[in-house]
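Worksheet: one structure, shown below.
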2 protein chains.
Amino acid sequence: MYLGYDWQVLSSEQDAFRCMAPPPAPQTMKERILQTADKLFYLQGIRAIGVDTIAAEVGISKRTLYNHFPSKDALIAAYLERRFVAQRPSDKPPAEQILATFDSLERRFAAKDFRGCPFVNAVAELGPADRAVKKIAVAFKESRRLWFRDRLSELGVTDADALATQLVLLVDGSIAQDLVRDDPAMARAAKEAAKVLLRNAGVDVGGNDSAV
Amino acid sequence: MYLGYDWQVLSSEQDAFRCMAPPPAPQTMKERILQTADKLFYLQGIRAIGVDTIAAEVGISKRTLYNHFPSKDALIAAYLERRFVAQRPSDKPPAEQILATFDSLERRFAAKDFRGCPFVNAVAELGPADRAVKKIAVAFKESRRLWFRDRLSELGVTDADALATQLVLLVDGSIAQDLVRDDPAMARAAKEAAKVLLRNAGVDVGGNDSAV
DNA sequence: TTTTGGTTACACAGACCTGTGTACTTAGGC
DNA sequence: GCCTAAGTACACAGGTCTGTGTAACCAAAA
């Protein structure tokens, strides 16, 4: 669901390119700063990381950082905007796409550097006063919900809207649970629940193991 | 699910006692500090609030605060431990208890001072390094899951364990969604999804509106 | 009355934070 | 060679933070 901060991961979610040597320094300074800020903000918390730390990690002076971003707030906003990437279109059948979401989630949970949803974390950390952060977080959550809704509509589900909301609850619930428990099984549990909900809405999700 | 920081709310979830006048100062100094710390930590964030702010809000000197808590970390731990209150036993049938959880959640969402789950927020804010915080957060989440599991066992559900996990996903998912969207409808959506999951497990939850 | 325990007021150390100012260097384009 | 743009090094202002040290105060117990 969330693309990684690493450029390699960002360039392609497939593992095929993962080991390709990156061109020495093809990135702009702004992008280099954002990559480092992303890593530190996400893994350690926005409030926990100072601009000095980011500049030092990039290997630049603090002055240079402030030449590219007018303030830390601007850097935070850019960090979140960069995290907000659209989901790639897929040829697979919609039901498969929906369920694949949870598999992808499980893979992310298994990675040692998964630390929950950056948008939820930012809202939790920065408080309700920070309207800019809240706005982008809402937009992100809604975009994910609409993605589910569109897949469900393709499947001819009657109340795609309501079911889409229920599915994002499972997604965010498993993220929150994994954040505190470090247990990728939460993604599998979410997937099983999603299957029940889908089946209940008349969607064929294969292998009807659990009968009523 | 989470009892409020307010002593009145803490003393009883029912509204009956809400307007009872509190005894002028029956509380110990420690409790007064914890009440204020709870309010500020929860509403504005642990990192956002300094000990000076807490002391000033209580109306005591910072020295007094440090005479009761050796460090801010100790205060944070006490804050979370105080939030970790057991669920009251109930006479109502288990299925009703389970669904009532989501109604209670919806009421909390509607309150303007709801700011998500304090345990999840603390983990998100303080990072994975803070083992003490993580430990109590895990314990809390598991206690809630076990509560669901026990109710499901009473209902004779076969795989109570797995279903309990799915239900806490809905709870935490709705909390996370409400945190960013401020939309109590998330609790209703979670309740509807819970009904489907329960029904699928053979539990009678009344009004079988949505057919397979 | 004296003692004792909790409290207050206040200063302060030492660290960290964001953001700015300034003078120097370095590399590329003209 | 010269000019410009970008980056560097570094100091610093002004603020916040946690935590401590100290002397005075006050009320209740002995």
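Chain letters run A, B, ... following the sequence lines, proteins first and then strands; every chain starts at 1.
At whole-Å resolution of the value, CG in B:L65 and C1' in D:dT20 are 14 Å apart.
Taking 4.0 Å as the cut-off between side-chain N and carboxylate O, B:K39 and B:D113 do not count as a salt-bridged pair.
Side chains of B:Q27 and B:Q35: a donor on one and an acceptor on the other come within 3.5 Å.
In this structure B:K191 satisfies the side chain to side chain donor-acceptor pair (under 3.5 Å) test together with B:D103, sequence neighbours excluded. Every residue was checked against the salt bridge (Lys or Arg N to Asp or Glu O under 4.0 Å) condition with A:D73, not counting sequence neighbours, and none meets it. Residues passing the side chain to side chain contact (heavy atoms under 4.5 Å, CB included) test with A:F69 are A:K30, A:I33, A:L34, A:L75, A:A78, sequence neighbours excluded. Under the rule for a side chain to side chain contact (heavy atoms under 4.5 Å, CB included), A:D150 has no partner lying at least two apart in sequence or in another chain. Residues passing the side chain to side chain donor-acceptor pair (under 3.5 Å) test with A:Q177 are A:R181, B:D172, sequence neighbours excluded. Listed by chain and residue number, B:R149, B:L152, B:S153 satisfy the side chain to side chain contact (heavy atoms under 4.5 Å, CB included) test with B:A160 (two or more places apart in sequence, or in another chain). Under the rule for a salt bridge (Lys or Arg N to Asp or Glu O under 4.0 Å), A:K72 has no partner lying at least two apart in sequence or in another chain.
For the segment residues 127-134 of chain B, the set of residues with a heavy atom within less than 4.0 Å of an atom of DNA chain C is empty.
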### Message
Using a 4.0 Å heavy-atom cut-off to protein, can you give one letter per nucleotide of nucleotides 21-26 of chain D, 5' to 3': B if the base is in contact, S if only the sugar-phosphate is, - if neither?
### Response
BB----
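Taking all atoms of both residues into account, the shortest heavy-atom contact from B:S143 to B:F84 is OG-CE2, 3.5 Å.
Screening residues 114-137 of chain B for side-chain hydrogen bond (donor to acceptor under 3.5 Å, both in side chains) gives A:D182-B:K134 as the qualifying pairs, with residues at least two apart or on separate chains.
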Collect all protein-nucleotide pairs involving nucleotides 4-7 of chain C in which both atoms are nitrogen or oxygen and the distance is under 3.5 Å.
{"residue": "C:dT7", "atom": "OP2", "partner": "B:H68", "partner atom": "NE2", "Å": "3.0"}

Which atoms of nucleotides 17-19 of chain D (N or O only) lie under 3.5 Å from a protein N or O atom, and what are those distances?
{"residue": "D:dT18", "atom": "OP1", "partner": "B:K72", "partner atom": "NZ", "Å": "2.9"}
{"residue": "D:dT18", "atom": "OP2", "partner": "B:V51", "partner atom": "N", "Å": "2.8"}
{"residue": "D:dG19", "atom": "OP2", "partner": "B:Y66", "partner atom": "OH", "Å": "3.1"}
{"residue": "D:dG19", "atom": "OP2", "partner": "B:K72", "partner atom": "N", "Å": "2.7"}
{"residue": "D:dG19", "atom": "N7", "partner": "B:K62", "partner atom": "NZ", "Å": "3.1"}
{"residue": "D:dG19", "atom": "O6", "partner": "B:K62", "partner atom": "NZ", "Å": "2.4"}

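Judged by distance alone, with hydrogens and angles left aside, the side-chain atoms of A:E154 form no donor-acceptor pair with the main-chain N or O of A:P94 at under 3.5 Å.
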